[in-house]
Amino acid sequence: MAILWTDALIYLLLISMLGLVFYMRSRDHMQRPLSKLAKSKIGVASLVILLFFVVIGLLDSIHFKPTNTKQTEIISVLDYWATNLREHSEKTYSAPFSTHLYSKEIIVAPDGLVYWDYPRLEFGGRHIYLPERQWLPDVLKKIVFGLSQGVVIAGLLFVGFLTTRYVFLRKKTGLLFLSSPTKTALIVTGVIIAITYCLVYLSAYYHVFGTDKVGEDVFYQAIKSIRTGLVLGTLTTLIMLPMAIGFGILAGFFGGWIDDIIQYIYTTLNAIPSVLLIAASILMVQVYMASHEQEFTSIIVRADMRLLFLCLILGVTNWTGLCRLLRAETLKLREMEYVQAAHALGVKKSMILIRHILPNVMHIVLISVVLDFSSLVLAEAVLSYINIGVDSTTYSWGNMINGARLEMAREPIVWWSLSAAFLFMFTLVLAANLFADTVQDAFDPRRSAD
Amino acid sequence: MIQYIIRRFLYAIPLLIGVNILTFVLFFVVNSPDDMARMQLGQKRVTEQAISNWKQQHGYNIPLLWNSEAQDQEKVTKTIFYQKSVGLFLFNFGVSDSGRNIGADIQERMWPSLALALPTLVVGLVVDVSFALMMVLFRNSYIERTGLVICVVLLSISSLFYIIGGQFLFAKVLKWVPISGYDDGFSAFKFLILPVLIGVFSGSGSGVRWYRTLFLEEVEKDYVRTARAKGLTETQVLFKHVLPNALIPILTGVVVILPLLFMGSLIMESFFSIPGLGSYTLDAINSQDFAIVRSMVFLGSVLYVFGLLLTDISYTLVDPRVRLS
């Protein structure tokens, strides 16, 4: 086992999130928004998709040192499972499902003849003899085969789910008796399982999303990027929450010079254009890492530290918005009767803050955390483009786009890296946005009137 | 009114001092000029001599805050803080690490930035507000629901894809506009039209949604109900009553970013090779030119503080309810 900093933090975050969910379930006033959330089809569907991404990210966050191979770098559980994908690299670009390389090369035929043509791929489509005739039927056959197997597996899981449900809950089985959000959740889970299975099945024979400049499988890159996106979207929030909540509530509750100082701090931070602040900090981190090279021995550790620094910096530039919201809300709550009553009864100020103010601003925290997530995932791509994002050795959609952008001028164009990054990023961000909308509808008291 | 403005103006001074100290700490204390020199000259096998030459050349070979070797006044003035940071207050940006005058560069490059950013803002505002109005007009119908779905889809796509896709489709395949570049005067139009349109389009998802919530909040209010009760049609209510009142938050939201338009957009300018301040900053970041990044940080914060000031003033002008206390 080898634990990276972000791994540890991500599992810490997972534990605290689970704790939060259990806490909310036990509270009466949280029942209504939670049940509203569970009743929304879009909310449930997007949650399932998000959970799917989270599971992949978590698998990618358990690192260990491989024992049987000669390589010294640590790998994750996901890497271990995707050993095939990881090691099946070609020489350079190849299109999705292609059997030949993107560029022509000098080939020496077995009979000694030398000619100039597209060479066969080392791994993609190796199993077929005559690509000219067999390729299309084979691809179609494999797709249908993979999909149908995936559907069967999803169906088996579905039946399994219904039986366990029947055994444990003594509820009537059958589709008709499921509530409609449950049906949505099951259907979405089934579709995800079928597609995932199909992709995994196909990737054993072909490069489903092609290969990139150095011949690495794009599908593998896209999957590995999930962790980076999730880490940025969640750890940044984890880092900014204590600052935002603490400062926001204190400023609103105490007012006076405390308020002045806190307002001064966040206006100053806000005044600096955030991109430039990030750029300046990242430049500083680079200088620091360059001058303390001996502390960052392996590439993965260095990239991981940079990812963590990026979260830290994004957290510092992002907390001001939430802080301002919380300050305004606390200002309002301070004048409420129940807070006044607590004052009159002689409750200590610290107790009022914790017992009466904090729980009543939590819905703002929750909403803004979910809303921030998608914008942070999107920000990563832009930052990587400006070269102030994650390390260039880290897999991230931003880095994929950045690499593919330069190849748009080629003829025929290399479109697959870009499309793969687009597809994965769009799915994650769309799901996050839809989920954020549902959460906002459920938890914002101003919106839940209807 | 004058008093109020002066008070707000005075409030800006500690802010800028704060920004200045923060950038100073970030650039000179966290990392010493030695580190910077090593970064610029390449990491390994840099002799002490080369580093001190570099520092000499760029004026970093003096103490940070207090020069105890110098005479009276120079104890303060012959320091990095005084020479590199205090000068920023007088917009004396100094010389970049590559030896160019930053102030002159900024003056020259701010106009292309503005030529790109201002049309994007104006067209974007008009487009977003009109779509938002349309959605509010047809609320609780299929038009609104479709519109909302389109908005969510639009805002889930990274702006990079809009730029890459737009450039590829309109400039490379259809060849309607040049791929990138810039020209002075009116001939800049053909270079600017695509970035402006892409900017408007990529911002429309979040923009329309945001303005829609503003309008919806206004639609629920009592005076709107009164207006309907008087027998006005929904269109009249929307344009005569809701729009003017909703314009207050919209306008003040625009005013705060107006000064920042000079800073330009980092990615847009670099994708379309527009020689504005955005691409200037980006080049500086990539070549690790600390002097330029420092100047841009300060310039950006000055513009932001100026924007805050403008917002306060415009609030008092637009909304008579805001009392000048």
Side-chain angles (χ1 to χ4, degrees), chain A residues 42 264-265 267-288 290-293 374-375 377-382 384-388 397-398 401-402 404-405 408-409 413 415 418 421-422 425-434 436-437 446-447 449, chain B residues 11-12 14-19 21-23 26-27 30-32 34-36 38-39 43-44 148 152-153 155-161 163-165 167-168 172 179 205-206 217 260 263 266-267 270-271 278 281-282 284-286 288 290 293-294 296-305 308:
Chain A
I42 295 181
Y264 172 73
I265 293 174
T267 321
T268 309
L269 272 179
N270 244 4
I272 303 176
S274 56
V275 177
L276 286 177
L277 188 60
I278 296 166
S281 318
I282 282 285
L283 285 184
M284 295 306 114
V285 171
Q286 272 176 354
V287 171
Y288 178 82
S291 52
H292 297 77
E293 216 166 80
S374 55
S375 58
V377 175
L378 288 179
E380 185 271 325
V382 173
S384 295
Y385 170 74
I386 314 175
N387 276 334
I388 55 174
W397 293 312
I401 299 169
N402 205 3
R405 177 179 62 88
M408 290 296 280
I413 61 160
W415 49 271
L418 210 57
F422 172 78
M425 211 166 148
F426 179 66
T427 317
L428 178 63
V429 176
L430 185 66
N433 275 332
L434 290 174
D437 274 358
R446 279 186 309 170
R447 283 215 198 179
Chain B
Y11 180 63
L15 277 182
L16 291 180
I17 292 177
V19 171
I21 292 174
L22 194 69
T23 43
L26 209 57
F27 282 96
V30 177
N31 290 284
S32 63
D34 281 31
D35 291 331
M36 261 190 273
R38 218 165 279 139
M39 192 90 179
Q43 283 308 321
K44 293 188 181 112
L148 278 179
V152 178
V153 170
L155 72 92
S156 302
I157 299 174
S158 168
S159 55
L160 291 176
F161 289 115
I163 301 176
I164 296 174
Q167 216 172 20
F168 178 73
K172 200 170 169 224
I179 290 183
S206 52
E217 253 168 47
L260 284 174
M263 296 288 287
L266 258 63
I267 39 172
S270 83
F271 262 103
T281 317
L282 193 58
I285 293 172
N286 282 336
Q288 294 171 335
F290 293 90
V293 176
R294 215 168 50 229
M296 295 308 288
V297 166
F298 191 72
L299 183 66
S301 5
V302 170
L303 291 174
Y304 176 82
V305 172
L308 284 185

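Each chain gets a letter, A, B and so on, in the order the sequences are listed, and its residues count up from 1.
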Given a strict heavy-atom distance threshold of 4.5 Å, which part of [X] is in contact with chain B: side chain, backbone, both, or neither?
X	value
A/Leu418	both
A/Asn270	both
A/Val275	side chain
A/Leu269	side chain
A/Leu430	both

> For the atom pair CD1 (A/Ile388) and CD1 (B/Ile285), what is the distance rounded to the nearest 0.5 Å?
Replying inline: 5.0 Å
>> Show, in sequence, the C-alpha distance, side-chain angles and deciding distance for B/Lys172 and A/Ile413, and conclude whether the side-chain contact (heavy atoms from CB on, under 4.5 Å) test is met.
In response: CA-CA 11 Å; B/Lys172 200 170 169 224; A/Ile413 61 160; 3.4 Å; yes
> If you tally heavy-atom pairs under 4.5 Å against chain A, which of B/Ser159, B/Ser206, B/Ser270 wins?
Replying inline: B/Ser270
>> Heavy-atom pairs under 4.5 Å with chain A: which of B/Ile17, B/Val305, B/Leu155 has the most?
In response: B/Leu155
Interface moiety of [X] toward chain A, non-hydrogen atoms closer than 4.5 Å:
X	value
B/Val153	both
B/Leu15	both
B/Ile157	both
B/Leu308	side chain
B/Ile267	both

>> If we define contacts as heavy-atom pairs under 4.5 Å, which of A/Ile282, A/Leu378, A/Ile272, A/Asn387 has the most with chain B?
In response: A/Ile272
> Does the side chain of B/Val297 reach to within under 4.5 Å of the side chain of A/Leu277, using non-hydrogen atoms?
Replying inline: no
>> What I'd like to find out is whether the side chain of A/Tyr264 reaches to under 4.5 Å of the side chain of B/Pro14, using heavy atoms alone.
In response: yes
So, for [X] and [Y], which heavy atoms are closest and what is the spacing to 0.1 Å?
X	Y	answer
B/Leu160	A/Ala381	CD1-O, 3.5 Å
A/Asn433	B/Ser156	ND2-OG, 3.0 Å
A/Leu276	B/Met263	CD1-CE, 3.9 Å

> Step by step, would you call A/Thr268 with B/Leu16 a side-chain contact (heavy atoms from CB on, under 4.5 Å)?
Replying inline: CA-CA 7 Å; A/Thr268 309; B/Leu16 291 180; over 6 Å; no
>> B/Tyr11 vs A/Thr267, test: side-chain contact (heavy atoms from CB on, under 4.5 Å). Steps then yes/no.
In response: CA-CA 11 Å; B/Tyr11 180 63; A/Thr267 321; 4.2 Å; yes
>> Centre-to-centre under 6.0 Å for B/Phe271 and A/Tyr385, is that the case here?
In response: yes
